[in-house]
K.L.:
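Structure in structure tokens, see below.
Counting starts at 1 for both ligands and their atoms, following the listed order.
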Amino acid sequence: MRVQVAIIGAGPAGLLLGQLLHRAGIDAIILERRSADHVLSRIRAGVLEQGTVDLLDEAGVGRRLHAEGLVHGGIELCFDGQRHRIDLQGLTGKSVTVYGQTEVTRDLMDARAAAGAETVYEAEQVSLHDFDGDSPVVRYRKDGVEHEIRCDFIAGCDGYHGVSRASVPSGALETYERIYPFGWLGILADVKPVSDELIYANHERGFALCSMRSRTRSRYYVQCSLDDRIEDWPDERFWEELKRRLDHEAVANLVTGPSIEKSIAPLRSFVAEPMRFGRLMLAGDAAHIVPPTGAKGLNLAASDIHYLSRALIDHYRSGTMREIDHYSARCLRRVWKSVRFSWWMTSMMHRFPDTGEFGQKIQEAELDYVVGSTAASTSLAENYVGLPFEV
Ligand code: FAS
Ligand code: PHB
């Protein structure tokens, strides 16, 4: 089999790239290790930057997003028992849209099926070959049969644990990593959200986040120990701990109920440089990971696909590699700014083992400065709504 682009991974990065290439008349196949149902079962991101919304519109999958997504003009920071609103819209002229990654993925899967573009689910033993030359090859097994795909380019959209970055000779990669000494315990519950906008809470007991998926489905997180297991956190304990980290008004308004999903996610910052090796380009979590505090992971994947789709389209229209040659540097400039913001928000909002009483006072002073300074609030706001896609 021969295609122009072989995409590894049917998460948001791979599906969005497939959709943008299809609309440009470029032939791409997607190979996904898991089943479509498994991919859709993952509960992940919830906040979309305006740039991501615009890209989904460009991909022709914005209808449900605009019908069901919740446009938020602000977020709230809760510390020292008080909530303070950051006016994203007033400070930047931009908003964010609350619309779950699961729904983004579903919309992209539906569009790809409607277009008749091929996705091979449950593709086993995917392997990448000869991407340092002009004729890369991808091999995989499906239902016990070996397959080989010849292509012009491979897009490694297979996440942090994927095969793409692992296929790059180790000497060709520089990696940067910071692992955080805590995790996020998240639950999904069909209860009314505690507030109209997201609440990020700093508390001496640890971080908490009040988010949502709709006006009737809430998403909550509390910082937890990396030693914790799901069974250590029955619903009752979760709700009591969340209340201890929120302000009085939020506690009074909190509607609790049975969790329909519960998971613990470790937090890390990770970047692999460069993001291109010959005719293999990495995108999304395959190249970088951020702690979810800044709501950047999914949006950075979309950012990479903004650059990668334009570079591939330019190649097939111009016959040159001029945009592909700039792909990695363009992505990394925006990636590192998002990595910095996510690290900064995580450092300001969480309880570290060495935070102590002095560290708690410093965090509260920083938060007090941020909410009291137009310059500092604007800096947080313009990073949160998403920095521009630079050319
Ligand atoms: P993904 O990991 O989503 O997709 C990669 C795909 O490749 C997967 O479907 C995988 O099955 C497939 N794959 C892997 N290896 C393969 C192989 N060898 N062959 C074929 N296919 C292979 N981001 C936020 O912005 N906000 C959040 O709140 C948030 N919460 C998160 C919670 C958790 C537990 C995790 C793990 C991540 C969270 N993220 C969050 C980040 C997350 O949303 C990612 O940034 C986003 O999924 C990135 O999309 P992709 O790059 O497509 O990678
Ligand atoms: C979510 O709704 O899952 C969410 C929202 C904002 C974040 C992280 C997670 O910063």
K.L.:
Any chance the rings of His350 and Phe182 have centres within less than 6.0 Å?
P.N.:
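That pair passes the under 6.0 Å test.
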K.L.:
Is there a donor in the side chain of His84 and an acceptor in the side chain of Asp368, or the other way round, less than 3.5 Å apart?
P.N.:
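Not at all, the side chains of His84 and Asp368 share no donor-acceptor pair under 3.5 Å.
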K.L.:
What is the closest protein heavy atom to atom 17 (C) of ligand 1, and at what distance does it sit?
P.N.:
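It is Arg33 CB, 4.0 Å.
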K.L.:
Between the side chains of Glu122 and Arg33, is the shortest nitrogen-to-carboxylate-oxygen separation below 4.0 Å, so that they form an ion pair?
P.N.:
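Result for this pair is no, no salt bridge flagged.
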K.L.:
Please work out which of Ala45, Ser342, Ser218, Ser211 has its closest non-hydrogen atom nearest to atom 2 (O) of ligand 2.
P.N.:
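When every heavy atom of Ala45, Ser342, Ser218, Ser211 is considered, Ser211 comes closest to atom 2 (O) of ligand 2.
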K.L.:
Is there a donor-acceptor contact under 3.5 Å linking the side chains of Asp57 and His66?
P.N.:
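There is such a pair between these side chains.
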K.L.:
For ligand 1, which atoms sit closer than 4.0 Å to a heavy atom of Gly284?
P.N.:
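Selected atoms, number and element: 51 (O).
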K.L.:
Answer with yes or no whether the side chains of Tyr200 and Tyr221 bring together a donor and an acceptor at under 3.5 Å.
P.N.:
no
K.L.:
Any idea which protein heavy atom is nearest atom 3 (O) of ligand 2, and the distance to it?
P.N.:
Tyr221 OH, 2.6 Å
K.L.:
Suppose we measure from atom 4 (O) of ligand 1 to each protein heavy atom; which comes out shortest, and what is that distance?
P.N.:
Gly11 CA, 3.5 Å
K.L.:
Verify the distance criterion only: is there a donor paired with an acceptor across the side chains of Tyr316 and Asp27 at less than 3.5 Å?
P.N.:
no
K.L.:
Classify the side-chain pair Arg112/Thr119 by whether it contains a donor and acceptor separated by less than 3.5 Å.
P.N.:
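Yes, side-chain donor-acceptor contact under 3.5 Å.
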K.L.:
Tell me, please: is Trp184 in heavy-atom contact with ligand 2, that is, under 4.0 Å?
P.N.:
yes
K.L.:
Quick one: look up the protein heavy atom nearest atom 44 (C) of ligand 1 and list residue, atom name and how far away it is.
P.N.:
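Closest protein heavy atom to atom 44 (C) of ligand 1: Asp285 OD2, 3.2 Å.
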K.L.:
Hey, does Pro292 come in under 3.5 Å of ligand 1, counting only N/O atoms on both sides?
P.N.:
no
K.L.:
Considering non-hydrogen atoms of the protein only, which is the closest contact for atom 14 (C) of ligand 1, and what is the distance?
P.N.:
Asp158 O, 3.1 Å
K.L.:
Ignoring hydrogens and geometry beyond distance, is a side-chain donor-acceptor pair present between Arg139 and Ser127 at under 3.5 Å?
P.N.:
no
K.L.:
Which atoms of ligand 1 sit under 4.0 Å from any heavy atom of Lys296?
P.N.:
25 (O)
K.L.:
Enumerate the atoms of ligand 2 whose separation from the nearest heavy atom of Leu198 is less than 4.0 angstrom.
P.N.:
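Once the distances to Leu198 are compared, the set is 5 (C), 6 (C).
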K.L.:
In terms of atom number and element, which parts of ligand 1 are under 4.0 angstrom from non-hydrogen atoms of Ala13?
P.N.:
50 (P), 51 (O), 52 (O)
K.L.:
Answer with side chain, backbone, both or neither: which part of His38 has a heavy atom less than 4.0 angstrom from an atom of ligand 1?
P.N.:
neither
K.L.:
Under a 4.0 Å threshold between the charged nitrogen and the carboxylate oxygen, would Glu390 count as salt-bridged to Arg333?
P.N.:
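Salt bridge present between Arg333 and Glu390.
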K.L.:
How far is atom 40 (C) of ligand 1 from the closest protein heavy atom, and which atom is that?
P.N.:
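So the nearest neighbour among protein heavy atoms is Ala45 CB, 4.0 Å.
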K.L.:
Could you list the atoms of ligand 1 found under 4.0 angstrom from a heavy atom of Arg34?
P.N.:
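Contacts of ligand 1 toward Arg34, numbered from 1: 11 (O).
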K.L.:
Just let me know how Arg44 lines up against ligand 2, side chain, backbone, both or neither, with a heavy-atom cut-off below 4.0 Å.
P.N.:
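Just the backbone.
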K.L.:
Any N or O of Tyr384 that comes nearer than 3.5 Å to an N or O of ligand 2?
P.N.:
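No, no N or O pair falls under 3.5 Å.
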K.L.:
Is the closest heavy atom of Asn299 to ligand 1 under 4.0 Å?
P.N.:
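Under 4.0 Å: no for Asn299.
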K.L.:
Answer yes or no on whether Arg165 is positioned over the face of Tyr160, meaning its NZ or CZ is under 6.0 Å from the six-membered ring centre and within 45° of the axis.
P.N.:
yes
K.L.:
Which atoms of ligand 2 are found less than 4.0 Å from any heavy atom of Val47?
P.N.:
5 (C), 6 (C)
K.L.:
Which of the atoms in ligand 2, numbered in the order shown and given with their element, are less than 4.0 Å from a heavy-atom of Pro292?
P.N.:
7 (C), 8 (C), 10 (O)
K.L.:
Please indicate whether any nitrogen or oxygen in Glu32 is less than 3.5 Å from any nitrogen or oxygen in ligand 1.
P.N.:
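Indeed, backbone or side chain, Glu32 has an N or O that close.
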K.L.:
Nearest to atom 30 (N) of ligand 1, what protein heavy atom do you find, and at what distance?
P.N.:
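Atom 30 (N) of ligand 1 sits closest to the protein heavy atom Arg44 C, 3.8 Å.
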K.L.:
Between the side chains of Gln360 and Arg351, is a donor N or O closer than 3.5 angstrom to an acceptor N or O?
P.N.:
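Checked: Gln360/Arg351 side chains pair up, N/O donor to acceptor below 3.5 Å.
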K.L.:
In plain terms, say whether Arg106 and Glu68 are close enough for a salt bridge, that is, a side-chain N and a carboxylate O under 4.0 Å apart.
P.N.:
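No.
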K.L.:
Measure from NZ or CZ of Arg340 to the centre of the six-membered ring of Trp343, then state whether that distance is under 6.0 Å and the direction lies within 45° of the axis.
P.N.:
no
K.L.:
Run the contact test for Lys296 against ligand 2 with a 4.0 Å cut-off on heavy atoms, strictly below, and give the result.
P.N.:
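Contact absent.
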K.L.:
Counting each atom of ligand 1 from 1 as listed, which ones have a heavy atom of Ala295 under 4.0 Å away?
P.N.:
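Near Ala295, the atoms of ligand 1 are 25 (O).
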K.L.:
As an exercise, identify every atom of ligand 2 less than 4.0 angstrom from a heavy atom of Tyr200.
P.N.:
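Checking each atom against Tyr200, I get 6 (C), 7 (C), 10 (O).
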K.L.:
Can Arg279 be said to sit on top of Phe153's aromatic six-ring, NZ or CZ under 6.0 Å from centre and within 45° of the ring axis?
P.N.:
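Here Arg279 passes the 6.0 Å and 45° test against Phe153.
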K.L.:
Just to check, does Met345 reach to within less than 4.0 Å of ligand 2 when the distance is taken from its heavy atoms?
P.N.:
no
K.L.:
Can you measure from OG (Ser259) to CH2 (Trp239) and round to the nearest 0.5 angstrom?
P.N.:
8.0 Å
K.L.:
Would you say Tyr160 has any N or O atom under 3.5 Å from an N or O of ligand 1, going by distance alone?
P.N.:
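Such a contact does not occur with ligand 1.
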K.L.:
I'd like to check whether Val126 has a polar contact with ligand 1, where a contact means an N/O of the residue lying under 3.5 Å from an N/O of the ligand.
P.N.:
no
K.L.:
Counting each atom of ligand 1 from 1 as listed, which ones have a heavy atom of Gly162 under 4.0 Å away?
P.N.:
15 (N)
K.L.:
Please could you name the atoms of ligand 2 that Ala295 approaches to less than 4.0 Å, counting only its heavy atoms?
P.N.:
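Here the atoms of ligand 2 in question are 6 (C), 7 (C), 10 (O).
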K.L.:
Please identify which atoms of ligand 1 are closer than 4.0 Å to at least one heavy atom of Ile8.
P.N.:
19 (N), 20 (C)
K.L.:
Which of these, Glu49, Glu124, Gln101, has its nearest heavy atom closest to atom 47 (O) of ligand 1?
P.N.:
Gln101
K.L.:
Provide, to 0.1 Å, the distance between atom 34 (C) of ligand 1 and the closest protein heavy atom, together with that atom's residue and name.
P.N.:
Ala265 CB, 3.6 Å
K.L.:
Looking at Tyr384, is Lys296 sitting on its ring face, NZ or CZ under 6.0 Å from the six-membered ring centre and within 45 degrees of the normal?
P.N.:
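Ring-cation test returns yes.
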K.L.:
Can you tell me if Cys157 has a non-hydrogen atom under 4.0 Å from ligand 1?
P.N.:
yes
K.L.:
If you count the atoms of ligand 2 from 1 in the order shown, which ones are under 4.0 Å from a heavy atom of Thr293?
P.N.:
10 (O)
K.L.:
With a cut-off of 4.0 Å, which atoms of ligand 1 are near a heavy atom of Leu31?
P.N.:
20 (C), 21 (N)
K.L.:
Regarding ligand 2, does Gly294 bring an N or O atom to under 3.5 Å of one of the ligand's N or O atoms?
P.N.:
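Gly294 vs ligand 2: no N/O contact under 3.5 Å.
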K.L.:
Looking only at protein heavy atoms, which one is nearest to atom 8 (C) of ligand 1, and how far off is it?
P.N.:
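The protein heavy atom lying closest is Arg42 NH1, 3.3 Å.
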